[in-house]
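Below is one structure; the comments refer to it alone.
Residues: numbered from 1 along the sequence shown. All ligand and atom numbering here is 1-based and tracks the order in the structure.
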Amino acid sequence: MIETKRWNLTSHAPSSGQEPADQAVLDASHMLQSGKTVAFPTETVYGLGADATNESAVQRIFTAKGRPADNPLIAHVATKDQLQNLVEELTPLADCLIEAFAPGPITFVLRSNGVCASNVTAGLSTVGIRMPAHPVAQRLLSTCDIPLAAPSANTSGKPSPTRADHVWADLYGRIDGLIDGGKTGVGLESTVVDCTGEIPVILRPGAITQDQIKAAWGSVMTDPALVATTSQPKAPGMKYTHYAPEVPLILASGTADFLQKQITAEQAQGKRVGLLATDHTAKDIHADRIYTLGDELPVVAQRLYDGLRLFKKSDVDVIFCETFPEEGIGLAIMNRLKKAADDNMNGFS
Ligand code: TXA
Ligand code: MG
């Protein structure tokens, strides 16, 4: 059991002088520089950071999360210069997407020059690199001045953390520190884009959409494995069961009436049913426990993981969740939901 230090930076307004907030970032930086693990907020989800150039520090991440060793980590940097230090070549494609979208919720896959430890890249010749926009992440990265390997700060297989309490629930006693920066903004993990070729290939959908990337570069492709389960995904992490709530999740398309019928049928068998749905849909439905997701897709994205984590075995036996249009960030929402449901889709009406 490791002693986990927790800092509160929920009001992270840029401050001047040696205020407590600065002291927290300094303390966390010292820990990271000495090979320890610290979880920190980004605008997507919380990350669990360690020195990306230090193999044994990176190993602590895999151990804390219980993460399979063949799943590579994303290296986080504060600046484009730091990004260039980690790659063989900044391709024109990567340069274009960095200008358009960084810092932000996007990860660039490029050829590694070997500066990152080999367990960061899980032995691949490429490395995923991200420049987060969150002010706490920015300050931490520029203060410690090392690239930080940081996967989502959850136990492997669970939904990613969008609040410090999610990290605490999963990793307390297994990591050295946690910076509480309040709720994350986007709520889903970054868009991962392979930038090694002529055309950007989306390996994992996220808040930076296919249309936005196409508008910036002129063309875009998606990894065929994102739509067909027959091919091997290029982002190794996409092949694992992910985002799994404690109880089974069923995705249900159709009208509120249709959804209510399915819920009532489960209840008739003695099951307690949880519902994840938009405010609009939820207002007409009776379930044993309801978590509402707002009505706009960006709000659904923000709230989704908190909702998936809310339902416990002690409260419900099954969760129903409505489906969303697969456009814009809806593509990322449905990608995560299908994995969380293990492709458990109920009839379309
Ligand atoms: O928003 C995010 O990306 C968050 C925050 C903390 O930055 N991080 C995150 O990391 O989601 P993680 O480890 O949970 O997911 C990283 C994904 C995995 O699917 C992994 O397989 C893929 O990125 N990935 C990393 N390096 C790669 C590489 N060189 N080639 C292909 N896929 C890679
Ligand atoms: Mg993850």
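- Contact atoms of ligand 1 toward Arg130: 1 (O), 2 (C), 5 (C), 7 (O) (distance under 4.0 Å to a heavy atom of the residue).
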* Check the pair Asp170 / Lys65 against salt bridge (Lys or Arg N to Asp or Glu O under 4.0 Å), numbers first and verdict last. => CA-CA 8 Å; Asp170 279 11; Lys65 282 185 55 108; over 6 Å; no
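- Nearest-heavy-atom check against atom 8 (N) of ligand 1 across Ala137, Gly47, Ala150 picks out Ala150.
- The distance from ligand 1 to the heavy atoms of His76 drops below 4.0 Å at these ligand atoms: 5 (C), 6 (C), 7 (O).
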* Asked: Do Asp165 and Arg6 pass the salt bridge (Lys or Arg N to Asp or Glu O under 4.0 Å) test, and can you show the C-alpha distance, the side-chain angles, and the key distance before you say yes or no?
  -> CA-CA 11 Å; Asp165 283 344; Arg6 181 166 176 162; 3.0 Å; yes
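- Counting heavy atoms under 4.0 Å from ligand 1, residue His134 does not touch it at all.
- Of all heavy-atom pairs spanning Ala216 and Cys96, the tightest one is O-SG, 3.4 Å.
- Of the possible donor and acceptor atoms, one in the side chain of Gln260 sits under 3.5 Å from a partner among the backbone N and O of His286.
- For the Mg ion (ligand 2), the set of protein N/O/S atoms nearer than 2.8 Å consists of Ser152 OG, ordered by chain and number.
- Contact annotation: for Ser190 versus ligand 1, heavy atoms closer than 4.0 Å belong to both the backbone and the side chain.
- At a 4.0 Å heavy-atom cut-off, ligand 1 touches Val127 through the backbone alone.
- Taking each of Thr126, Thr121, Leu110 in turn, the one with a heavy atom nearest to atom 29 (N) of ligand 1 proves to be Thr126.
- Ranked by closest heavy atom to atom 33 (C) of ligand 1, the top entry among Pro72, Gly128, Pro41 is Pro72.
- When non-hydrogen atoms are compared, ligand 1 lies under 4.0 Å from the side chain of Asn71 (C-beta onward) but not from its backbone.
- No option in Val318, Ile285, Ile250 other than Ile285 meets the side chain to side chain contact (heavy atoms under 4.5 Å, CB included) test with Ile263.
- Looking at Gly206, Ser152, Ala39, it is Ser152 that brings a heavy atom closest to atom 12 (P) of ligand 1.
- Each of the following atoms of ligand 1 lies closer than 4.0 Å to a heavy atom of Leu203: 31 (C).
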